[in-house]
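In what follows, chains are A, B, ... by sequence order, proteins preceding strands, each numbered from 1.
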There are 2 protein chains.
Amino acid sequence: MSSRPTAEFPTPTKPNARARAASLEDVAALAGVSPGTVSRALSRPEMISEATRQRVLEAADRIGYVPNGAARAMAMRRTLTVGAVIPRFGTSSFPTMVQALETTLAERGYTLLLAAPDNKGSQTTDMVRTLLARGVDALALLGSRHPQEVFALLKTQGTPFVQLWTQDDALGPCVGFDESQAAALVVDHLADFGHREIGFIGGYTRNNERAEARLAGLMRAVAKRGLTLREDATVETEYGLQQGFDAMERIRLGGSPVSAVVCGNDYLAAGALAALDQAGVPVPQRLSVASFNDNEFAPFMHPPLTTVHLPIQEMGEQAGRHLLAVLQNQAPEAAAPLPVHLVIRRSTGPRG
Amino acid sequence: MSSRPTAEFPTPTKPNARARAASLEDVAALAGVSPGTVSRALSRPEMISEATRQRVLEAADRIGYVPNGAARAMAMRRTLTVGAVIPRFGTSSFPTMVQALETTLAERGYTLLLAAPDNKGSQTTDMVRTLLARGVDALALLGSRHPQEVFALLKTQGTPFVQLWTQDDALGPCVGFDESQAAALVVDHLADFGHREIGFIGGYTRNNERAEARLAGLMRAVAKRGLTLREDATVETEYGLQQGFDAMERIRLGGSPVSAVVCGNDYLAAGALAALDQAGVPVPQRLSVASFNDNEFAPFMHPPLTTVHLPIQEMGEQAGRHLLAVLQNQAPEAAAPLPVHLVIRRSTGPRG
DNA sequence: TTGTATGCGTTATCAG
DNA sequence: CTGATAACGCATACAA
């Protein structure tokens, strides 16, 4: 028999404590069955007779029963919850990925727990620890490079995880695309149009694997085509519109003889274009701009710019499917990064 | 004494079950104290002697102890978790708000649980139910109008909540800004420049309080200044770049004699501008475009457009603070919407 | 098909 | 300051 008296008036733990929400036992009492039966009626309908099931459902509905996830988590030893660590939430394509991830997971009943470093000293390790303490069944790590500590934590907790936006699968399964190929596409395109000296506005490579890989890929591609990546036209900065604007100003005022500038993402590109626009520099006649398309708005920007389209949404979905597979089938499912599509959306005009 | 044998070999529940993570009891055993002491050492340091505290901390660290949130939630009757329902995650300013919300909450140890309807039949009510089942201590409802059902659920569960981006506080505390004032600013601006007949591209007003309020505010402002909001230049659509593009095409091809079009958000505006650009329509000489600035990139768009800047980030922070207040002080703290700043970022040129 | 009893890992209460 | 012990609400193995 249960230790909590159901018939008595519920004793508030504290004076200000909110009224206790309905529990399985309350439903059971109302339906005139045992708690176990209610539990089964709700989550294993096939194990119960239709009649009692109806009675239970009605009772549950009548008192507005909502299962207690914490109790359920304790009993089942899983929370139906997945954590996501998401740097630079605002000015990146991460929202798109997160949306895709959330949708994919939600279809199987999983909920997403968010942790977004505010680049004001919040440590990834702490966020992961918090997420683990919340009992996430799995974890998605977006962008950036994470301290070894994080992976140690994940290992001791036995929590499956997946990294997004990287190819470096030394530490675990990854979902990403080929930065080298992306870079090559842009560079080839620019080279075909006769550009020789190009610049680059990208994210800080320090502690940012995405930015690092992007720059590295670009340098390889540039070398391969015999172009020059001019140092006096290469800027590392935070991602953001204002940052793109400022970076382009610096390049422009520096007088570097580049004829094209590649931007690490759309925000930077939009900012850069705004700077050129304001300065009255004709694009692409005087200076071409190219970009990697993190977002959906690059194709709509003016003036047109060469863009490599990155399959953001697909990455989120793929990551979600991978985690679900690990979570459900216990089958790790080869974690090889999916092949991804790269598309030139608009053409950077020939040099003037 | 505990019922689980700590010294014995842990019995796996199922053959495939992952190794159990370290528990309070494991730490206790290692540190040579009782579980209760470990609990206190970790979460109420002031109740414990420095010596044992150190010993416990070291033991916990050594075996990589991470507290079990579910168990903690059961005992404490709270999860240190806040839910957020977020429609249209991808193409809106919601990421910015969510980031602000998350940061504000994280500072006090709260984690954000995400639910993002995919407008493919996923019901808000279900998401709220799921979030409640996860045990969220409070809930943030962004955008849209929610079914009565939702509020009933929240009431029976006694879960505090806050709505963002609305002024309609009939159903509970809200954080929002004055849509009427925002609309008036745009309209006054356009009127001052001599525009008389204007169009509008906005979100579907059906089931979208934001869009509805925005249109209503616009209509009031237009009437007040004696302008005309032309029906043949008013388009309701999904938010998005492509949608803005298409809407403007429709208006343009329809031949409506408007001289200015107001867009419900930046995505729509960007799309509309792209359409005009592609069609070779000079902006703002032939047609002016104005917009509400949901995002941070409007000021960087070309050509310049009148923009009302909405305090997105502040809304997220305000909502976070409100929830924290309710959660911690038990003091509801008057839920009046904060006054918000409205700023004209760029000027829409005079009519040509 | 249904009822009963136990355990899940913490916190909190109450003695010592 | 510390140790034992009782909830917390649910799932599940076992009995009936």
Side-chain angles (χ1 to χ4, degrees), chain A residues 1-6 10-14 17 20-29 31-56 60 65-80 132-135 157, chain B residues 1-6 10-14 17 20-29 31-56 60 65-80 132-135 157:
Chain A
M1 173 187 158
S2 164
S3 47
R4 183 164 54 73
T6 58
T11 311
T13 313
K14 294 179 180 181
R20 192 177 51 78
S23 78
L24 255 194
E25 210 160 323
D26 300 327
V27 179
V33 297
S34 77
T37 299
V38 175
S39 173
R40 285 182 289 251
L42 260 29
S43 30
R44 319 274 293 264
E46 73 281 5
M47 293 181 66
I48 231 79
S49 81
E50 184 56 21
T52 45
R53 201 178 70 82
Q54 284 302 342
R55 219 149 28 96
V56 169
Y65 170 71
V66 173
N68 179 322
R72 170 179 276 221
M74 284 212 71
M76 294 175 45
R77 306 179 130 273
R78 38 184 233 153
T79 57
L80 296 180
L132 288 175
R134 298 283 179 274
Q157 295 296 305
Chain B
M1 173 184 158
S2 164
S3 47
R4 183 163 55 73
T6 58
T11 311
T13 313
K14 294 178 179 181
R20 192 177 51 78
S23 78
L24 253 196
E25 211 159 325
D26 300 327
V27 179
V33 296
S34 76
T37 300
V38 175
S39 173
R40 285 181 290 249
L42 260 30
S43 29
R44 319 273 292 266
E46 73 280 5
M47 292 181 66
I48 230 82
S49 80
E50 184 58 20
T52 44
R53 201 178 71 82
Q54 283 302 342
R55 216 145 33 92
V56 168
Y65 170 72
V66 174
N68 179 321
R72 170 179 276 216
M74 283 210 72
M76 293 176 45
R77 305 180 133 276
R78 38 183 232 154
T79 58
L80 295 182
L132 288 174
R134 298 284 180 273
Q157 295 295 306

Length of the CZ-P vector between Arg72(A) and dC10(D), whole Å: 9 Å
Any Ser39(B) side-chain nitrogen or oxygen under 4.0 Å from OP1 or OP2 of dG9(C): no
Met47(A) CE - dC10(D) P separation (whole Å): 18 Å
Nearest-Å distance for atom pair CZ/P, residues Arg77(B) and dC10(D): 11 Å
Under 3.5 Å: donor-acceptor pair, side chain of Thr79(B), backbone of Gly135(B): yes
Reported CG-to-CD distance for the pair Leu132(A) and Gln157(A), which is rounded to 0.5 angstrom: 5.5 Å
Atom pair distance, as rounded to whole Å: CD1 in Ile48(B) and P in dA12(C): 13 Å
Heavy-atom closest contact (Ala71(B) atom, Met74(A) atom, distance): CA-SD, 3.5 Å
Spacing between Met74(B) atom CE and dA12(C) atom C1', to the nearest angstrom: 14 Å
Position toward the 5' end of DNA chain C (nearest nucleotide), Ala71(B) or Arg40(B): Ala71(B)
Distance below 4.0 Å between Thr37(A) side-chain N/O and dG3(C) OP1 or OP2: yes
Rounded distance in Å - CZ (Arg44(A)) to C1' (dT2(C)): 14 Å
Expected list for residues 35-43 of chain B: side-chain donor-acceptor pairs under 3.5 angstrom, two or more places apart:
unit_1	atom_1	unit_2	atom_2	d
Thr37(B)	OG1	Ser34(B)	OG	3.1
Ser43(B)	OG	Ser39(B)	O	2.8

Separation of dA11(D) P from Glu46(A) CD (nearest whole Å): 13 Å
Closest listed nucleotide, where the reference is the side chain of Ala75(A) and the choices are dA4(D), dC8(C), dT11(C): dC8(C)
Sugar-phosphate only, base, or nothing, as touched by Val33(A) at under 4.0 Å among non-hydrogen atoms: sugar-phosphate
Residue-phosphate contact under 4.0 Å: Ser23(B) side-chain N/O, dG9(C) OP1/OP2: no
5' priority, DNA chain D, between Thr52(B) and Pro67(A) [closest heavy atom]: Thr52(B)
Side-chain touch Arg55(A)/Val33(A), heavy atoms, less than 4.5 angstrom: yes
Rounded interatomic separation in angstrom, taking CG from Leu24(B) and C1' from dT11(C): 9 Å
